Every structure is written in structure tokens, then in C-alpha cells.
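Only one structure is covered here, and it is reproduced in the block below.
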Number of protein chains: 2
Amino acid sequence: MNKFPAQLKKIRNEQNTTQDDLASQLFVTRQAISKWESGDSTPDLNNLIKLTDIFNVSLDTLVFGAEHETKVDPTEFVFDPKHNRYVRRLGKMNFWDFLAGYWWAVLAIVFVIGFFSLFWSGQ
Amino acid sequence: MNKFPAQLKKIRNEQNTTQDDLASQLFVTRQAISKWESGDSTPDLNNLIKLTDIFNVSLDTLVFGAEHETKVDPTEFVFDPKHNRYVRRLGKMNFWDFLAGYWWAVLAIVFVIGFFSLFWSGQ
DNA sequence: GAATTCGCGCAACTACTAGTTTCGCAAGGA
DNA sequence: TCCTTGCGAAACTAGTAGTTGCGCGAATTC
């Protein structure tokens with residue numbers, strides 16, 4: 001559940017910062033960072049927030065990891081940040097999805113084509 | 001930046017739970033919750049995670065609030081939880097968008113209709 | 001309208017632990 | 001070989017998270 005120690009180490013390495021470096025940005029000692037990464041201790045919320053600022057990641061990424069599986073199918077649902085909830089994804093209609101919505105248009109085309117066909121062949 | 005105290009109170013009230021109730025779920029005293037909500041103290045990461053479980057919200061929502069404004073336009077971009085990043089929204093296809101993708105299908109229908117029209121009128 | 005319950009805040013205290021200090025170790029570089 | 005870089009571990013301490021205890025206003029209940 002809580003992947004913070006591994007996440008911190010991973011993200012820190014990805015951004016090529018040392019424990020010393022990070023420590024000075026957070027105004028704590030290097031050993032404090034070491035403890036966080038080994039799971040010997042856990043930073044308080046303030047330092048967690050500072051970490052999200054420094055690394056520019058979300059709290060959820062920092063604590064749960066990017067793979068924090070959502071219960072919804074991300075290919076079908078997307079997160080709407082404005083309303084803070086998942087909504088059905090629009091677009092990516094296939095042919096039948098389209099027909100369900102635009103049958104009237106297709107029908108209209110058929111009628112028009114049919115009408116002109118009769119008209120022309122009747123000449 | 002940190003809206004946790006207000007968020008906790010807000011979310012707790014939305015879900016119609018009392019401080020007592022919440023406290024028993026977290027195995028802490030009611031007064032501990034009171035302190036969290038008044039900002040007198042801050043829960044440790046473990047209790048924060050438990051809160052996200054109980055309320056079924058993200059850590060970011062709990063700490064920053066749902067209004068944690070994204071820099072992107074949510075009407076144009078949506079969050080892809082699978083890749084943990086914002087992607088351009090696939091918009092509601094309109095008729096012409098569809099035609100651009102499925103002109104071949106429409107053309108096929110037109111041919112079929114045309115063919116049968118000629119066939120029948122030729123009887 | 002007194003008594004009780006519910007939901008919550010505040011002050012004092014304590015135990016825990018996050019963070020510090022100190023020591024040390026392995027890997028490069030000069 | 002010495003120095004620097006990057007990190008881990010043990011012992012210690014100060015800060016604070018959480019507990020205990022008191023109380024208060026507002027609904028219910030009798």
C-alpha cells in the first residue's frame with residue numbers, strides 16, 4: 001500500500017539528486033532522508049508537501065506510486081480534474097457507435113441517393 | 001497550500017460521520033480528530049492513508065482539496081490514470097469528424113444504394 | 001423543564017518517534 | 001595514499017501526536 005520509501009529513492013535518483021542535496025532543500029539532515037528511504041522513519045506532512053514541490057509530483061505518486069491502480073478502466077474512463085471524478089471517455093467512436101447516434105443522417109443520405117437514382121433512371 | 005484541516009472536516013461532514021465514529025475506525029481518540037480538524041496537530045502518514053481508504057478519496061484531494069487547480073484546461077485535457085499524466089481530450093465527434101474517418105463506409109453505402117436503385121428501376 | 005445524549009473543543013500531560021549527532025564504510029578521483 | 005562523494009547505523013534528544021479529563025451548547029427524551 002504505502003510505497004513511500006521506494007518511491008522517494010526512485011524519484012530522487014530519476015532526478016539525479018543526492019540525499020545531501022535533498023536534505024538541504026528541506027532543511028533537515030542527510031540522515032533524515034536516509035531514514036525515510038529505508039523506512040526507518042516517515043516525514044511529517046509538511047515535508048511530504050515540500051517533496052511534492054521539489055520533485056513536482058503528486059502526493060499520490062509519492063506515496064502510492066504511479067502504478068496506483070484505479071478501479072476504473074482507464075481506456076474507458078478518464079479523470080475530470082474540474083469535477084474531481086471519473087467520467088466516461090468521449091470519442092473513439094467505432095462505426096456502430098456512430099450509426100447509433102447518426103442513423104438519421106445516414107437514412108437521409110439513403111433517401112436522397114434513392115430519390116436521385118429514380119429521377120435519373122427515369123429520364 | 002495545505003488545506004488538510006478544512007478538507008477533513010468537509011469530507012467527514014459530506015459523508016455524515018462524527019469525530020467519534022471516525023476515531024474508532026482509526027483507533028485513535030476523538031480528540032485526536034478534533035486536533036487534526038482545528039490544525040492543532042497533523043496525522044502521520046499511516047493515518048492519512050487510512051483516511052483515504054475510509055473516505056475513498058485521493059491523498060491530493062485530502063491534503064490540497066479538489067480545487068487544487070491544474071494548470072491545464074480541463075475542458076481540453078483529461079487525466080490519464082494509466083500513464084499518470086494529462087492527455088488531450090478526444091472530443092465528441094460531430095458529423096463531419098465522423099465523415100473524415102468513415103467516408104469510405106458512406107461511399108460504400110452510396111454505391112450499394114445506387115446499384116440497387118438502377119437495378120430495380122431497370123426492371 | 002430537568003435529565004440525558006450527542007457532537008465537539010480545550011488544557012495538561014506523556015510516550016513515542018522524527019530528526020540530530022557521531023561514527024564509519026565503500027567507491028571513485030587526484 | 002589521501003580526499004571526496006554518497007550513503008547507512010547506533011545513540012540521543014527535543015518536539016509533538018495522541019491521551020486523559022473537564023466542560024459546554026444543542027437536540028432529544030422523560
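Note that the structure is a prediction, hence the values are computed from the model and not measured. Below, chain A is the first sequence line, B the second, and so on; all start at residue 1.
At D:dG8, none of the side-chain N or O atoms of A:S38 fall inside 4.0 Å of OP1 or OP2 (strictly under the cut-off). OP1 and OP2 of D:dC22 both lie 4.0 Å or more from every side-chain N or O belonging to B:R30. Residue A:Q19 places at least one side-chain N or O closer than 4.0 Å to OP1 or OP2 of D:dG8. At least one side-chain nitrogen or oxygen of A:N47 sits closer than 4.0 Å to the OP1 or OP2 atom of C:dG19. Under 4.0 angstrom from either OP1 or OP2 of C:dG9 there lies at least one side-chain N or O belonging to B:S34.
With contacts defined as side-chain heavy-atom distances shorter than 4.5 Å, the pair A:V63/A:Q7 does not qualify.
Panel note: side chain B:N47, backbone B:P43; no donor-acceptor pair is recorded below 3.5 Å. Put simply, the side chain of A:D60 never gets that close to the backbone of B:S58: no donor and acceptor are under 3.5 Å apart.
Listed nucleotides: C:dC8, D:dG6, C:dG19. Nearest to the side chain of A:A32: C:dG19. Distance from the side chain of B:V28 is smallest to D:dG18 among D:dG18, C:dA18, C:dG7.
Straight-line distance from the CG atom of B:N16 to the C1' atom of C:dC6: 15 Å, rounded to whole Å. We find that CG of A:D20 is positioned 16 Å from P of C:dG19, with the value rounded to whole Å. Distance CG (A:L26) to P (C:dT20): 10 Å, rounded to an integer number of Å. When the P atom of D:dA9 is taken as reference, atom CD1 of A:I33 falls 16 Å away, rounded to whole Å. Here the P atom of nucleotide D:dC7 and the CD atom of A:Q31 are 12 Å apart, to the nearest Å. The distance between atom CG of B:N46 and atom P of D:dA17, rounded to the nearest whole Å, is 15 Å. Atoms CG (B:L48) and C1' (D:dA17) sit 12 Å apart, rounded to a whole Å. Across the protein-nucleic acid pair, B:K35 atom NZ and C:dG9 atom P stand 13 Å apart, rounded to whole Å.
B:T29 comes within 4.0 angstrom of a base, heavy atoms only.
Contact between B:A32 and B:S41 at its shortest, heavy atoms only, is O-OG, 4.5 Å.
Residue B:E37 places no side-chain atom within donor-acceptor reach of the base of C:dG9, judged by atom type and a 3.5 Å distance cut-off alone.
With no hydrogens or angles considered, a side-chain donor-acceptor pair links B:E37 and B:Q19 at under 3.5 Å.
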